[in-house]
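This report refers to the structure that appears directly beneath it.
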Amino acid sequence: MIISKQKEFDVILRNLKEEDIFIIGCGKCAKKLRVGGEPEVLQMKTKLEKAGKNIIGWTVLSSACYIRSWEEVLTQNPAIKKAHALLVMSCGGGISVISGFADIPAYPALDTESLGGTCCEETVKDQCGMCGDCIIWMYGGICPLSQCAKTLLNGPCGGAKDGKCEVDDRLCVWDAIFERLKKIGKLEYLDVLRAPRDHTRNRRSNV
Amino acid sequence: MSFSDKLLTGEFIVTAEISPPKGTEIRPLLSEAARLKSLVDAINVTDNPRAIMRMSPAAVCWLLQGKGYETIMHITCRDRNRLALQSDLLGAHAMGIRNILIMTGDHPEKGDHEGAKPVYDLDSVQVLSLIRKLNNGFDCSGNRLEGMTDFTPGAVSNTQLSDVSMIKLRKKINMGASFIQTQAVFDTDSMSNFMDKIDMISSKRPVIIAGIIPLRSEKSARFLNENIAGIKVPDNIINRMREANDPASEGIEIAAELIRKLRSLCDGIHIMPIRDHKNTKHILETAGIR
Ligand code: SF4
Ligand code: SF4
């Protein structure tokens with residue numbers, strides 16, 4: 001699941017100079033995370049109207065990143081043709097697909113944070129940094145590229161204090177990696193010198 | 001005798017740390033270095049410490065070496081990818097710098113350019129392995145160099161280590177760290193445990209140089225405990241600082257006592273003062289090693 005959260009309303013408003021707006025939500029991850037499903041789209045509509053915008057329509061697509069025919073979207077939502085801008089409540093994948101079809105500006109209402117999942121009702125983020133060369137097995141299924149703030153491959157930085165990462169309140173992921181590898185009887189994976197990553201495996205990713 | 005030769009003789013090593021200036025004014029740097037003249041075996045020069053932007057450590061090492069000081073250049077993984085690391089290392093070599101201390105480096109968020117891109121293209125173990133390659137005449141990709149390097153690489157460590165940190169330290173030693181400079185030590189029992197652990201994980205022990213931070217006040221002790229990873233000032237030392245009439249002299253006395261005890265425990269000490277090196281000479285004399 002793609003983890004995203006709503007931008008601050010002030011930021012949305014600052015970007016959105018146009019008056020006649022059509023809002024598009026997404027029925028997949030954004031809906032499950034309660035940031036871009038029907039209730040959130042309706043809340044956004046009310047807030048924007050209070051701020052003086054003219055909301056000429058809204059819809060929640062079954063998935064914003066998977067659009068077979070824009071014609072079909074337009075047939076079901078003819079108001080889009082009258083809009084001067086779209087406000088898209090989906091992840092970056094969704095808004096980029098929609099922007100490719102639309103001939104008016106599309107603005108994101110969400111900030112896409114990471115690739116995560118839901119485990120025992122709990123949403124977990126930063127599970128994968130999409131590096132293009134999956135080595136998560138070396139770390140017992142806990143990815144240091146997405147969960148260590150320094151993307152280290154050979155062990156922790158030494159900056160953790162009382163088990164917490166140097167940069168925030170999250171636990172240093174290396175203790176979890178150690179415990180997991182111990183549990184599955186593969187601690188020897190940690191002894192191996194891990195070579196520098198090959199960044200040609202994903203030329204356009206940051207990790 | 002050079003620092004690297006001294007590492008081999010078993011002589012007790014004394015190093016001290018200086019941070020480059022934030023700006024172009026180098027006079028305070030030079031007077032700090034003058035305080036260390038003929039006191040230390042080498043001066044460590046930090047690399048944007050705590051992610052606060054300062055002058056390049058290579059430039060500062062070069063300035064100091066020109067004035068007759070031997071230096072240990074810090075290099076962090078935070079700011080340079082493998083191309084920049086290598087070209088800076090080759091440049092440092094051309095400037096006569098031979099001793100390199102490798103560390104991960106504090107995250108940019110801790111410093112004064114919070115939004116800077118954290119690089120960490122290589123980690124500290126990988127940089128040690130890179131230096132081994134450069135010393136053998138090859139670059140990171142395996143291309144042959146015209147002229148190999150002759151670096152003495154060192155690594156850093158906390159003295160109280162989790163299981164997983166221990167594994168990483170073993171990798172650093174296996175990758176050729178010939179000396180280890182530790183985070184500040186205030187408790188010789190934990191240092192002695194650390195030395196036992198090092199003996200367990202390495203067949204040939206690197207030279208272990210214990211960090212010393214002379215305390216200035218009870219407040220500075222508490223600050224270290226609360227803010228700096230890997231430092232634990234024990235209660236008895238905090239009490240001594242609180243009860244002292246002259247906390248600064250008490251701090252000097254505590255540092256000197258620690259050094260006297262560490263002499264029989266490890267292979268050297270490294271002084272990292274909170275402000276400047278005004279008291280460093282006095283500390284080393286009180287400890288009886290200079
Ligand atoms: S190793 Fe790469 S692909 Fe695998 S989980 Fe981590 S970032 Fe994702
Ligand atoms: S404290 Fe742990 S998780 Fe945080 S940057 Fe250091 S090694 Fe990575």
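Residue numbers start from 1 in every chain, and the chains themselves are labelled A, B, ... in the order their sequence lines are given, proteins ahead of strands.
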Measuring from B/Tyr120:OH to A/Cys148:SG, what's the distance to the nearest 0.5 Å? 9.0 Å
Rounded at 0.5 Å granularity, tell me how far CZ in A/Arg197 sits from CD in B/Gln126. 10.5 Å
Counting only heavy atoms closer than 4.5 Å, note whether A/Ala160 contacts chain B via side chain, backbone, both or neither. backbone
Exceeds 12 heavy-atom contacts within 6.0 angstrom, atom CD of A/Glu188: yes
Any idea which of A/Pro156, A/Gly159, A/Gly163 has the most non-hydrogen atom pairs under 4.5 angstrom with chain B? A/Pro156
Taking the side chain as every heavy atom from C-beta outward, state whether B/Ile228 and A/Lys161 have any pair of such atoms under 4.5 Å apart. no
Straight-line distance of A/Cys157 SG to B/Arg78 CZ, nearest 0.5 Å: 11.5 Å
Can you give me the closest heavy-atom contact between A/Glu166 and B/His107, atom names plus distance? OE2-N, 2.6 Å
Answer yes or no: are there more than 12 heavy-atom neighbours, outside A/Lys183 itself, under 6.0 Å from its atom NZ? no
Heavy-atom count around B/Arg205 CZ within 6.0 Å, excluding the residue itself: above 12? yes
In terms of heavy-atom contacts, does CZ of A/Arg170 have more than 12 from other residues, nucleotides or ligands at under 6.0 Å? yes
Side chain to side chain, A/Pro196 and B/Arg82, heavy atoms closer than 4.5 Å: yes
Are there over 12 heavy-atom neighbours, none belonging to A/Phe9, within less than 6.0 Å of that residue's CZ? yes
Which residues from residues 155-189 of chain B are near chain A, with near meaning under 4.5 Å between non-hydrogen atoms? B/Asn158, B/Ser162, B/Asp163, B/Val164, B/Ser165, B/Ile167, B/Lys168, B/Arg170, B/Lys171, B/Met175
Can you check whether A/Asn154's main-chain N or O pairs, donor with acceptor, with B/Asp123's side chain at less than 3.5 Å? yes
Any donor-acceptor N/O pair, A/Lys150 side chain to B/Gly105 backbone, under 3.5 Å: yes
Which one of A/Asp191, A/Val192, A/Leu153 has the most heavy-atom pairs closer than 4.5 Å to chain B? A/Asp191
Answer yes or no: does atom NZ of B/Lys133 have more than 12 heavy-atom neighbours from other residues, nucleotides or ligands under 6.0 Å? yes
Do any of residues 211-225 of chain B have a heavy atom less than 4.5 Å from a heavy atom of chain A, and if so, which, in residue order? B/Asn225
As a quick check of understanding, evaluate side chain to side chain contact (heavy atoms under 4.5 Å, CB included) for A/His199 and B/Asn81, giving each step before the final call. CA-CA 11 Å; A/His199 287 270; B/Asn81 70 5; over 6 Å; no
